[in-house]
Peer 1: 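Just passing along the structure, written as structure tokens.
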Amino acid sequence: MVELAQSYHELEKCTKDILSVIKPTEDDRKKRLLAIQEIVNSVHLVGYLGDAAVKPFGSFVSNLYAKSGDLDVSVELPNKYGFPTSKETNQDVLHKLMMALQIEGVARDVNFIPTARVPVLQYVSNHFGISCDISIDNYPGQIKSKVLYWINTIDERFGDMVLLVKEWAKSQNINDPKNGSLNSYSLCLLVLFHFQTCKPAILPPMKEIYDVSITEGSGRFNEKSLDQICVENIAKFRRQNIGQRNQSSLSYLLASFFEKFCHIGTYSSDHLISTYTGEMKRNLYWMARSYCLFVEDPFQRHENAARTVDMLELHRISRAFTRAKDMVSSDRGSDRNELLSLLCTPEVGSKLGARATADRYTNPAMSPQQHRFTELMEYLTADLHSNRYDQRARGSTGSRPVRSRRQAAKPYQSQQLNCPQM
């Protein structure tokens with residue numbers, strides 16, 4: 001794996017300092033609970049929702065949230081017959097709830113997305129400054145969050161790594177699914193996969209903790225039963241691994257994470273990253289679909305958690321991993337300012353005394369659209385130069401068919417799996 005050089009000591013210190021800024025305090029937790037109560041009060045203003053329950057899920061429940069993280073909330077509708085509610089009903093409920101939140105003066109920057117696969121209402125709490133996402137009857141989200149909570153209890157380094165990786169991804173502008181990059185859930189699964197494939201393993205395959213496949217329209221679940229299953233299986237894992245605990249430092253795990261995925265842009269479409277089995281495995285579900293990256297959802301194994309990633313963003317993601325790997329394992333070592341510029345956003349870096357640098361991965365003066373256009377041109381130019389080089393190497397300019405731009409944007413279809421040794 002990676003050999004940390006002179007930057008080891010500084011990397012360890014930087015990771016601790018970054019966590020000291022981004023990890024939530026008890027006050028942050030209380031603010032989120034009060035934000036949930038705001039939603040409860042607004043739900044009660046909608047007459048027929050009097051018996052609805054308001055349940056948080058996501059990173060807040062799994063205890064994998066940062067101070068600046070969003071708050072995910074599910075409104076559970078009264079449903080005595082147990083049938084899943086229609087998308088139209090969910091849209092109507094969210095629309096009425098949006099009006100109630102605005103009447104109460106709770107919400108600003110409201111964004112209602114009724115046509116999303118899961119309709120969602122997004123806003124920022126006026127009183128607490130917390131970004132909230134509300135959906136209806138999101139039982140799959142609750143199950144996933146609760147199981148990840150139990151996974152997080154196995155080793156505290158997992159939660160710290162998830163926060164560090166999310167912060168790094170934000171600093172490199174590769175944590176934006178709306179623009180074709182990674183969502184926070186897929187980043188969490190990459191960290192989970194890394195911990196499963198370390199030697200010795202820090203975490204078990206998900207199938208050994210909670211082997212249940214969630215289907216669309218899944219209804220209420222038995223939370224006590226879920227907790228009992230997870231506790232018993234975690235205890236079994238610990239008994240089987242007595243005396244084999246992985247002692248790696250957090251900085252080593254972060255550096256080896258960057259090295260493990262620095263070739264992520266060359267993974268074949270025939271393979272997928274599976275935290276369910278804890279291994280890279282054959283792609284049996286999505287062979288006919290043209291996704292760029294395959295990260296299996298361990299709870300809904302027919303779903304791709306990285307489905308938002310497009311080819312241009314995958315190129316940027318791969319570059320970000322490679323740059324991080326090169327910097328933290330550099331023979332010359334990296335100073336504190338370079339590491340903070342790499343690992344955290346300017347907002348967090350400024351609190352740690354980092355100086356603004358001119359060579360950040362992206363130019364903050366440019367808009368996301370400008371970044372994408374610039375990098376698309378770089379990508380296509382590099383591909384064009386590569387084609388010409390190949391033609392000259394064969395001594396001919398006509399022996400290779402010219403690829404269309406659409407074909408040039410999907411080189412992963414002809415590449416072989418290049419997965420680093422675990």
Peer 1: Check for a donor-acceptor pair, side chain of Ser131 on one end and backbone N or O of Asp70 on the other, with a separation under 3.5 Å.
Peer 2: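 The answer is no, because no donor-acceptor pair under 3.5 Å joins these two groups.
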Peer 1: What's the verdict on side-chain contact (heavy atoms from CB on, under 4.5 Å) for Trp168 and Leu342, showing C-alpha distance, side-chain angles and the deciding distance?
Peer 2: CA-CA 7 Å; Trp168 163 76; Leu342 170 78; 4.1 Å; yes
Peer 1: Quickly, which of Lys281, His194, Glu279, Met280 forms a side chain to side chain contact (heavy atoms under 4.5 Å, CB included) with Ile273? Name it, please.
Peer 2: Met280
Peer 1: Given the rule in the salt bridge (Lys or Arg N to Asp or Glu O under 4.0 Å) test, do Lys23 and Asp160 qualify, once you have shown the distances and angles that lead to the verdict?
Peer 2: CA-CA 8 Å; Lys23 288 186 79 167; Asp160 288 346; 3.0 Å; yes
Peer 1: Taking Phe195's backbone N and O only, do any of them form a donor-acceptor pair with Arg157's side chain (distance below 3.5 Å, no angle check)?
Peer 2: no
Peer 1: With distance as the sole test, does Ser318 use its side chain to make a donor-acceptor pair with the main-chain N or O of Leu314 at under 3.5 Å?
Peer 2: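 Such a contact is absent between Ser318 side chain and Leu314 backbone.
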Peer 1: Would you please test Lys170 and Glu167 for salt bridge (Lys or Arg N to Asp or Glu O under 4.0 Å) and show each step?
Peer 2: CA-CA 5 Å; Lys170 288 178 183 177; Glu167 180 65 21; 5.2 Å; no
Peer 1: Around atom NZ of Lys31, are there more than 12 heavy atoms of other residues, nucleotides or ligands at under 6.0 Å?
Peer 2: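 12 or below, so no.
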Peer 1: Please give me the minimum heavy-atom distance between Pro204 and Gln196, naming the atom from each residue.
Peer 2: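 Closest pair (atom of Pro204, atom of Gln196, distance): O-NE2, 3.0 Å.
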Peer 1: Show, in sequence, the C-alpha distance, side-chain angles and deciding distance for Glu313 and Arg316, and conclude whether the salt bridge (Lys or Arg N to Asp or Glu O under 4.0 Å) test is met.
Peer 2: CA-CA 5 Å; Glu313 290 302 305; Arg316 296 182 66 245; 2.7 Å; yes
Peer 1: Count the heavy atoms belonging to other residues, nucleotides or ligands that lie under 6.0 Å from CZ of Phe112, then report whether that count exceeds 12.
Peer 2: yes
Peer 1: Is the backbone N or O of Asn63 less than 3.5 Å from a side-chain atom of Asn152, with the two atoms forming a donor-acceptor pair by type?
Peer 2: yes
Peer 1: Any side chain to side chain donor-acceptor pair (under 3.5 Å) pairs touching residues 89-98, not counting sequence neighbours?
Peer 2: Tyr48-Asp92, Thr85-Asn90, Ser86-Thr89, Asp92-Lys96
Peer 1: Evaluate whether atom CD of Gln240 has more than 12 neighbouring non-hydrogen atoms of other residues, nucleotides or ligands under 6.0 angstrom away.
Peer 2: yes
Peer 1: Is the ring centre of Phe257 less than 6.0 Å from the ring centre of Phe321?
Peer 2: yes
Peer 1: Considering non-hydrogen atoms only, spot the tightest contact between Asp155 and Arg245 and give its length.
Peer 2: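 Nearest heavy atoms, Asp155 then Arg245: OD2-NH2, 3.2 Å.
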Peer 1: Is the shortest side-chain heavy-atom distance between Leu226 and Val147 below 4.5 Å?
Peer 2: yes
Peer 1: I'd like to know if the side chain of Ser225 pairs up with that of Asn222 as donor and acceptor (distance under 3.5 Å, no hydrogens or angles considered).
Peer 2: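 Their side chains do not contain a donor-acceptor pair, so the 3.5 Å distance test is not met.
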Peer 1: Any idea how Tyr65 and Phe60 line up, ring-wise: parallel (<30°), tilted (30 to 60°), or perpendicular (>60°)?
Peer 2: perpendicular
Peer 1: By side chain to side chain donor-acceptor pair (under 3.5 Å), which residues pair with Glu76, not counting sequence neighbours?
Peer 2: Gln142
